[in-house]
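Down below is the structure, laid out as structure tokens.
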Amino acid sequence: MGGREGTDRGVGPLSRPFDREILSGPVLAAGRELLGAVLEVDSPQGTVAVALSEVEVYAGLADPASHAYRGRTGRNAVMFGPAGFLYVYFVYGMHWCCNVVCGPDGEPSAVLLRAGRVVAGEELARARRPAARTATELARGPARLAGTLGLVGTDTGADLLDPASPIRLLAGTRIPDAKVRRGPRVGVAAAAEVPWRIWVDGDPTVSAYRANTRRRVAT
DNA sequence: CCATTGATCGTCT
DNA sequence: GACGATCAATGGT
């Protein structure tokens, strides 16, 4: 169960993989270009695809909010490899969140996929996320997006740009500059001032902005 | 609409 | 042993 064996293409072979050159370049530019791209995931239950509306950039070893900040560990190892691979991590004891590894090989950057619109497999997405009251909520937020797509930690390392992969990043409709907005990252304590959250202006699938909500420790 | 809080565990110190 | 790149339920305005 939970494997990626049974393939059943949704968007189909007409769509082309995202450009690895773009992902391998400067991570902020890569994040901006990911808006409008489509992440498509096969499972035995079917295929779900999401068009990205919101992302966050985590920029290499110098970014104190990045999982790579304190160097290579078992969890973040894939970030240190080439661009275009999937990094899925577990947070708050119950949620998965997914990233696209970006930047040059050896420079551990990643782009967190924060939100998107379900463009294929909505019935399966709704079965996975029964709490969603509307279609726009199915992938509004990073853990919801990962849950809608059925992504978990063992999916880390998938080559998103291989057409034969069950988890594929596809070139979608590029968002024009006039609709691209940037601001502070969500829920991040370190480097809270850098405007590395990028989203599509006015898109209802974009998550509600929350400044970091770290709990106060009991006195 | 907004603010608050409990849930829950892998990962790193 | 502490802490999250969060969500959903709850209760107030």
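Quick note on labels: first sequence line is chain A, next is B, and so on, each numbered from 1.
- Atoms CG (Leu112(A)) and C1' (dT6(C)) sit 11 Å apart, rounded to a whole Å.
- How far NZ of Lys179(A) is from CG of Asp203(A): 7.5 Å, rounded to the nearest 0.5 Å.
- Between the side chain of Arg129(A) and the backbone N or O of Ala125(A), no donor-acceptor pair lies under 3.5 Å.
- With hydrogens and angles ignored, the 3.5 Å screen pairs no side-chain donor or acceptor of Asn99(A) with any backbone N or O of Ala110(A).
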Practice task
Test Trp196(A) against Arg182(A) for side-chain contact (heavy atoms from CB on, under 4.5 Å), laying out the working first.
Solution key: CA-CA 6 Å; Trp196(A) 287 347; Arg182(A) 284 175 52 187; 4.0 Å; yes
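- Cation-pi check for Arg185(A) over Tyr58(A) is met; the charged atom lies under 6.0 angstrom from the ring centroid and within 45 degrees of its normal.
- Proximity of residues 133-149 of chain A to DNA chain C (heavy atom under 4.0 angstrom from any strand atom) is restricted to Gly141(A), Pro142(A), Ala143(A), Arg144(A).
- Arg117(A) and Thr205(A) are not linked by any side-chain donor-acceptor pair at a separation below 3.5 angstrom, with hydrogens and angles left out of the test.
- Atom-to-atom, CG of Asn99(A) to C1' of dA5(C) comes out at 8 Å; the value is rounded to the nearest Å.
- For the pair Arg128(A) CZ and dA8(C) P, the interatomic distance rounds to 15 Å; values are reported in whole Å.
- Residue His95(A) contributes atom NE2, which lies 11 Å from atom P of dA9(C) at whole-angstrom precision.
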Handout entry: side-chain contact (heavy atoms from CB on, under 4.5 Å) assessment of Ile198(A) paired with Leu28(A)
Key = CA-CA 9 Å; Ile198(A) 313 173; Leu28(A) 195 55; 4.1 Å; yes
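- Stem analysis of DNA chain B (at least three stacked-register Watson-Crick or G-U pairs, each with both distances under 3.5 Å) gives B:1-7 with C:6-12, B:9-12 with C:1-4.
- Each of Arg114(A), Arg140(A), Arg32(A) was compared with Glu54(A) under the salt bridge (Lys or Arg N to Asp or Glu O under 4.0 Å) criterion, and only Arg114(A) meets it.
- The only member of Leu124(A), Val48(A), Leu138(A), Ile167(A) that meets side-chain contact (heavy atoms from CB on, under 4.5 Å) when paired with Leu149(A) is Val48(A).
- Looking at Leu161(A), Asp159(A), Asp162(A) one by one, the single match for side-chain contact (heavy atoms from CB on, under 4.5 Å) with Leu169(A) turns out to be Leu161(A).
- Between Arg210(A) and the phosphate of dC2(B), there is no side-chain N or O to OP1/OP2 separation shorter than 4.0 Å.
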Problem - nucleotides 8-13 of chain B: protein proximity per nucleotide (B base, S sugar-phosphate only, - neither; heavy atom, under 4.0 Å) - result: BBSSSS
Exercise for the section: Start with the C-alpha distance between Cys97(A) and Glu56(A), add both sets of side-chain angles, then the distance that settles side-chain contact (heavy atoms from CB on, under 4.5 Å), and finish with yes or no. Expected result: CA-CA 12 Å; Cys97(A) 297; Glu56(A) 266 175 8; over 6 Å; no
